[in-house]
Every structure is written in structure tokens, then in C-alpha cells.
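Along the sequence shown, the residues carry numbers beginning at 1. The structure displayed is predicted, hence computed values, not measured ones. Computation of the quantities below employed the complete heavy-atom set of this structure, encompassing side-chain atoms and omitting hydrogens, waters and symmetry-equivalent molecules. All ligand and atom numbering here is 1-based and tracks the order in the structure.
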Amino acid sequence: MTIDHAHWAHYLLSAVDERRDVQAITKQVDELSIDDAYAIQAALLELQLGRGDTLAGAKLGLTSAAKQEQMGVDAPVYGWVPASTVLHDGVAPLDELIHPRCEPEIVFILGEDLAGPNVTADDVLDATDKVVGGIEVIDSRYEKFSFTLTDVIADNTSAARVVIGDEGMAPRDADLTTLGCVFEVDGTITGTATGAALLGDPARCVAMLANHLGKHGQKLEAGWLVMAGAATDARPLEPGTTAIARYSHLGSVTVSGKV
Ligand code: OOG
Ligand code: MG
């Protein structure tokens, strides 16, 4: 069966615009390949850029055992970060979101382009200007926040909003594998992790993303932010919820949910 990429991109964008969850694509087609899923994701990004958005960066998802187990998907995924999704005040507009969740992120701010193939973790550190803490707000467009690998790829890996911390460090100022994070939601610690939870090394995750983009003739660009993926599971972001990610070396980042 031929998959109509533009159709499914419009389907997902209207779910965002109308703030409603929709049935997973794989419940409606016989087969959705990984290539088709990335083609839908690309068509969705084109629609967003066509509305005047720009690209602020890129992201990985499902790079930790915690996230893969929570979502029941066993492979990393790659997506885009439109500039309109970067929150500058740490306040997530819940009236624009469907059923958001929040999760801590180690974020690379690139000083140089990174183009695959053969990008290594060391190359990533060389190209990185700083490493900062962040919190991503994810918001699957699918019913019950439930999806298969290819569904979540098509849906730009549930990307919705992101808060970037204003402290940070040079990429080699501390070992990223032992960098610690304590995630606290409304005063309760819901998860703790170190950078090594991200496929052994967050920089390796970013290298995988650069190599993935290289296969499509694309690259990570200087000035972009790149999220390596959450190291703990995600938690609901509800009205009045405040989540804090406290990092060793990277300071703290806060997001709160507001209607
Ligand atoms: C998919 C997005 C995963 C991460 O950091 O693992 C992600 C999801 O869990 O909805 O952004
Ligand atoms: Mg994430």
C-alpha cells in the first residue's frame, strides 16, 4: 500500500491545531515503514516551516531504558525542534497542548555543523559550544499517548515544547557519562539518572543523530540545540504542576504548567 505522506502530515498538524488526540496511523494502514514514517515527519516539518516557523534544532528520543520501557518501544528515534516550541519563561501553555508530559534532557548547543557519516562522540564534543540542562514537554498527538515506533516517528517524536537552562558548561568540563540528574515533580523525586543512561553516553546519541541525518543529505547546524533524550520516564504536566530538573554541573531547570 502506498502511504500518502502529505495526508498524514496534515492529519497530525490538525490534531495539534485542534488540540485533540487522534487514532494512531498504524491502526489505519496495513504497514507503515520507518522510511514512510520519516517522510511523514519531514512533510509535517515542511508544513510548520511554511507557516513561518524556523528550526531551532533537533532531538533524539527513546535513548534510555527508562523511556523505552515506559513507552514500549525499543529503538531510538530522531525528530525536529521548531523555534516556536522553545519556551523562554519556563511556563508551558496547557491550553495549547493535549495531554503533555515533562522529562529532563541533556542539551547540546552546537558551535559548528556536524554532518554524518562517521561522526563520533568525540566529534560531537569538538563541535559543541556548551552543554546545558533542559526539560522537554512531550505531547503525543495519539490517543492514550500510545503508539508504535513508526507512529511516534511520524509524529515528530511527540515534540511539543522545551525549556533550556541558562547555566551550562563547556563540553569537556565534566564527564557527561557521570553527569547526574534528579527530576522532581511537585516536591517528589520521580527519577534520578546519570548521562550514561543515554545509550552509554549522551554525546554518542548526538553522533547517531548526525549520522542518521547524513543518510538523508542533512546535517546538524551550528547554533542549534540538540536534545539527547530523557534519562528518566516522563511525568504528566498538569495545571499547577511544577517540575524541576537538577543537574550536576548544569544547574537547575524548571517548567510549570499553566492554563
Ligand atoms: C516519545 C518521545 C521520546 C525522549 O526523550 O525519550 C523523547 C515519547 O515518549 O512520547 O522525547
Ligand atoms: Mg525527550
Side-chain angles (χ1 to χ4, degrees), residues 12 15-16 21-26 32 34 37-38 40-41 44-45 56-82 85-87 92 97-108 131-165 176 179 181 183 185 190-206 208-209 212 224-237 243 245 247 250 253 255:
L12 291 165
V16 174
D21 51 17
V22 293
Q23 193 178 43
I25 300 172
T26 53
L32 183 65
I34 289 186
Y38 279 110
I40 295 169
Q41 184 193 93
L44 176 59
L45 177 68
K59 61 168 279 194
L60 292 106
L62 308 175
T63 48
S64 66
K67 283 287 306 190
Q68 291 191 0
E69 280 160 23
Q70 183 184 26
M71 304 320 297
V73 174
D74 62 2
V77 292
Y78 312 102
W80 303 107
V81 181
T85 67
V86 180
L87 297 174
L97 300 167
I98 304 165
H99 42 200
R101 297 177 178 177
C102 54
E103 57 187 23
E105 294 278 350
I106 295 172
V107 186
F108 292 71
V131 177
V132 299
I135 295 181
E136 183 179 21
V137 178
I138 53 173
D139 193 28
S140 174
R141 267 54 68 169
Y142 300 121
E143 292 166 348
K144 302 197 173 109
F145 224 111
S146 169
F147 43 70
T148 65
L149 173 67
T150 51
D151 286 313
V152 69
I153 290 169
D155 186 26
N156 194 27
T157 68
S158 309
R161 297 290 188 279
V162 59
V163 183
I164 304 295
L176 297 181
L179 189 116
C181 174
F183 196 49
V185 181
T190 62
T192 60
T194 55
L198 303 172
L199 298 172
D201 178 0
R204 185 187 305 152
C205 298
V206 177
M208 285 172 54
L209 171 53
H212 161 81
W224 279 11
L225 63 90
V226 182
M227 285 185 262
T232 72
D233 54 2
R235 293 288 156 157
L237 185 63
Y247 297 92
L250 307 179
V253 183
V255 70

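Tally of protein N, O or S atoms closer to the Mg ion (ligand 2) than 2.8 Å: 3.
Figure legend: Arg235 and Phe183 shown without cation-pi pairing, the cationic atom not lying both under 6.0 angstrom from the six-membered ring centre and within 45 degrees of its axis.
You'll find the side chain of Lys59 stays beyond 4.5 Å of the side chain of Val162, heavy atoms only. In this structure the side chain of Glu103 reaches within 4.5 angstrom of the side chain of Lys67, judged on heavy atoms. You'll find the side chain of Ile40 reaches within 4.5 Å of the side chain of Leu32, heavy atoms only.
Between the side chain of Gln70 and the backbone N or O of Ala234 there is at least one donor-acceptor pair closer than 3.5 Å.
Under the 30°/60° scheme for interplanar angles, the aromatic rings of Tyr78 and His212 are found to lie parallel.
Considering every non-hydrogen atom in both Ile135 and Cys102, the closest pair reads CG2-CB, 3.9 Å. Taking both residues in full, the closest heavy atoms of Val137 and Ala92 are given as CG2-CB, 4.4 Å, listed atom of the first, atom of the second, then distance.
The CE atom of Met71 sits 11.5 Å away from atom OG1 of Thr157, with the distance rounded to the nearest 0.5 Å.
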Pairwise, report which nitrogen or oxygen atoms of ligand 1 are under 3.5 angstrom from protein nitrogen or oxygen atoms, and how far apart they are.
residue, atom, partner, partner atom, Å
ligand 1, 5 (O), Glu103, OE2, 2.8
ligand 1, 5 (O), Glu105, OE2, 3.0
ligand 1, 5 (O), Ala230, N, 2.8
ligand 1, 6 (O), Leu62, N, 2.7
ligand 1, 9 (O), Lys67, NZ, 2.8
ligand 1, 10 (O), Ser158, OG, 2.7
ligand 1, 11 (O), Lys59, NZ, 2.8
ligand 1, 11 (O), Glu103, OE2, 3.0
ligand 1, 11 (O), Glu136, OE1, 3.0

